[in-house]
Structures are given as structure tokens and as C-alpha cells.
Amino acid sequence: MQTLDKIADLRRDLDTARGQGLRIGLVPTMGFFHEGHVSLIEAAVHDCDFVVTTIFVNPLQFSVGEDLDAYPRDAEGDAALAAGAGCDLLFVPLPGEMYPSGSESVLTSVSLGPLAETMEGRSRPTHFAGVATVVTKLFFLIGECSAYFGEKDYQQLAVIRQMARDLSAPVNVVGCPVIREPDGLAMSTRNVYLSVEERDVAPVLNRALSHGAVMISDGERDAERVRTAMAALIDEAPVGTLDYVEVADPGTLEHQSVCSGESRLFGAVQFGRARLIDNISASDVSGDDDFTRKEVTAGNER
Ligand code: AMP
């Protein structure tokens, strides 16, 4: 595996790979790899011939007061995990390479519409604009490829899918399942911020969503009752402050009043310094056990 930090070198290597007829895979990340990141690289390696993983902690998607400066980094550990997963090229640009005149001087943004206005978009108003800018840059830099994103950030995946479609990006956007710890907690770089007590309690987010999914699979059609039950479970936890729980259409992410057809359940909770998000499909549980999580097993088997 080669590690590059200059756009010109990345383009040269990609030209060579394309000249050899190789199918390119792209895995955009902010680094500090865990099994979730590794699963994306493995999926790309499975489908493609030349896999580029990017590590860039993108200042544009953090707002003032968020954890940009504290964001964990581990260049050596990341390189070892990426190489082990079969990545061909690790692209790790410095901010000056991506934003030569500083990120504050970037004036162009993609208008994203309603998909980016709910949930994370409401809690972090500049977040998706920053994500869209860096992902658009990566799509321009890499060109025709399949790009792998985790369902862990389901709303981000939906926004990027829509953006790629609307702008005719030559990119096949591929969603990959959430990888979880054995107790159901979705793997996340930000889990390292959790204290021992917060780490103990944090799986309540997934348990609450699973409980909501069981209610729906048991026949509950009133989405507000599902939201209320999920919020109550989180509120009962000794630590953690609920930001939101939502029951939404999995395609449009529109708030549902009635759970008819497909539903996706979302939640965000602040545990100390860690703001954690999670989501599951209402069909990811079987109705017979309150906290059954088909997705946990499926995720950990990847
Ligand atoms: P990040 O480095 O946190 O920006 O994440 C990079 C990519 O990894 C994004 O597409 C995330 O959705 C994905 N990802 C992060 N955590 C997980 C997880 N637990 N399971 C699957 N994908 C994940």
C-alpha cells in the first residue's frame, strides 16, 4: 500500500490504474480506524481492483465549539489496518492541500435541500454543507469510481446519494451496514471520548431504537408513541442527554406520523464529550424478543 499526501501524485497513480483498466473504489474517512472503517475498505476491495482510502479531518464539517482540534488521530495504526484490509492507496492530505487558501476561503457549496435539514442538519446546521463540499472535491479528484459509506451515518449516506444523482457524479454510491460492539453500541471514533460509566450506559441508544423497531413490528402504527417510548428509555439512563429520536421514511427521511410501509429509526444522544448517533431499520428486529437485534449479528459477521 502506498501513502500519498499530494493531489498531483494521487491523480498520477489513478491515471496509471485506469490505464490498466482497473475499477477504482473510494473509501472517504476521517481516520482513527475501527472495524466499521475496515468493513468499508473490505467491501471496496471485494468489488473493485484499486482501492483508495482517504483520511482527512475536514474542518468545514465542524462548527465552532465542536471537537475538530481534539479529534483522535493514529496515522500508523490506520495505515496498518488499511493495508491489512487490502487498500492499495492511502491518501492523507493536509488541510493546506485540500484548501490551499484556508477552509474559510471556500465560497462554493452545494445546496442540499430537505434531506439535509432534519435530524443532524437541524442539530448541526453547517455540517452537511461541509461534508458535501469535501465529498464533491473527492469525487472530482478520484473520478469514476464506486464510493463506500457506512449506514452508521445514514442521513449522510442519503444526502451523498442524492447529491451524486443530482450532479451526475460518475460515482456509484454504496451503503454498508453498521458495525457494532457486542453490546449493540455502534462503533464510532467518538466512542473513545466516553468515560467508563458513559461507555456502560451508551448502548441504551441502540436498545431504545431496537425497542421502537419491536413496537412497530408488533403492530404499532402511531409513530409519536414510538418516539415517546424511545425517548423515555434514553431519559431513564443515568447519564446522557437526548438530542432527538425520530421515526422517518427511509428514502426521503421525512418525519412519519403513521408507520405504514417502511420506517427507519434514528437517535442522537450526548454522553459527556461524545455526541453519538445511531439508526436501525424497523424491519431489523424480530417481534418475539424485546431487544433482538438482527443487525448486530449481521454487522459483526462482515
Ligand atoms: P468517519 O471516519 O467517522 O467520518 O467515517 C468514515 C466512514 O465510515 C463513513 O462512511 C461512516 O459512515 C463509516 N462508519 C463509521 N462508523 C461505522 C460503523 N460503525 N459501521 C459502518 N460504517 C461506519
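In each ligand, atom 1 is the first atom listed, and ligand 1 is the first ligand listed. For clarity, every value in this text was computed on a predicted model and none was experimentally measured.
Less than 4.0 angstrom separates some heavy atom of Phe149 from each of these atoms of ligand 1: 10 (O). Close contacts of ligand 1 with His34, meaning ligand atoms under 4.0 Å from a residue heavy atom, involve 15 (C), 16 (N), 17 (C). Less than 4.0 angstrom separates some heavy atom of Leu40 from each of these atoms of ligand 1: 7 (C), 8 (O), 10 (O), 13 (C). Near Thr29, meaning under 4.0 Å from any of its heavy atoms, are these atoms of ligand 1: 2 (O), 6 (C).
Ring planes of Phe56 and Tyr99: tilted class, angle from 30 to 60°.
The pair Glu151-Arg264 meets the salt-bridge criterion, since a charged nitrogen lies less than 4.0 angstrom from a carboxylate oxygen. Salt-bridge check for Asp9 with Arg12: passed, with a basic side-chain N closer than 4.0 Å to an acidic carboxylate O. Salt-bridge check for Asp67 with Arg275: failed, with every basic side-chain N at 4.0 Å or more from each acidic carboxylate O. Ion pair Arg199/Asp183 flagged as a salt bridge, since at least one NZ, NE, NH1 or NH2 atom sits closer than 4.0 Å to an Asp/Glu carboxylate oxygen.
Looking at Pro177 against ligand 1, only its backbone comes within 4.0 Å, counting heavy atoms. In His37, the part holding a heavy atom less than 4.0 Å from any atom of ligand 1 is the side chain. With a 4.0 Å cut-off on non-hydrogen atoms, Cys176 does not touch ligand 1 at all.
Put simply, CE on Met98 and OG1 on Thr54 are 7.0 Å apart, with the number rounded to the nearest 0.5 Å.
Checked against a 3.5 angstrom limit, the closest N/O atoms of Met187 and ligand 1 fall inside it. Taking distance alone, with nitrogen or oxygen atoms compared against 3.5 Å, Gly150 approaches ligand 1 more closely than that limit. Of the N or O atoms in Asp153, one or more lie within a sub-3.5 Å distance of an N or O in ligand 1. Not one N or O of Pro28 is nearer than 3.5 Å to an N or O of ligand 1, by distance alone. Taking distance alone, with nitrogen or oxygen atoms compared against 3.5 Å, Met30 approaches ligand 1 more closely than that limit. The shortest N or O to N or O distance between Ser39 and ligand 1 is not below 3.5 Å.
Partner of Val226 under the side chain to side chain contact (heavy atoms under 4.5 Å, CB included) criterion, out of Arg221, Gln256, Glu246, Met215: Met215 alone. Here the rule is side chain to side chain contact (heavy atoms under 4.5 Å, CB included) with Phe149, and of Val174, Val135, Val27 only Val135 fits it.
Applying the ring pair (Phe, Tyr, Trp, His ring centres under 6.0 Å) rule to pairs touching residues 27-53 yields Phe33-His37, His34-His37, sequence neighbours excluded.
Cluster annotation: Val57 is not connected to Leu26 through the hydrophobic network of ILVMFWY side chains, with a link wherever side-chain heavy atoms come within less than 4.5 Å.
Shortest contact from atom 23 (C) of ligand 1 to any protein heavy atom: Lys152 CB, 3.8 Å. In terms of protein heavy-atom proximity, atom 20 (N) of ligand 1 is nearest to Ile179 N, 2.9 Å.
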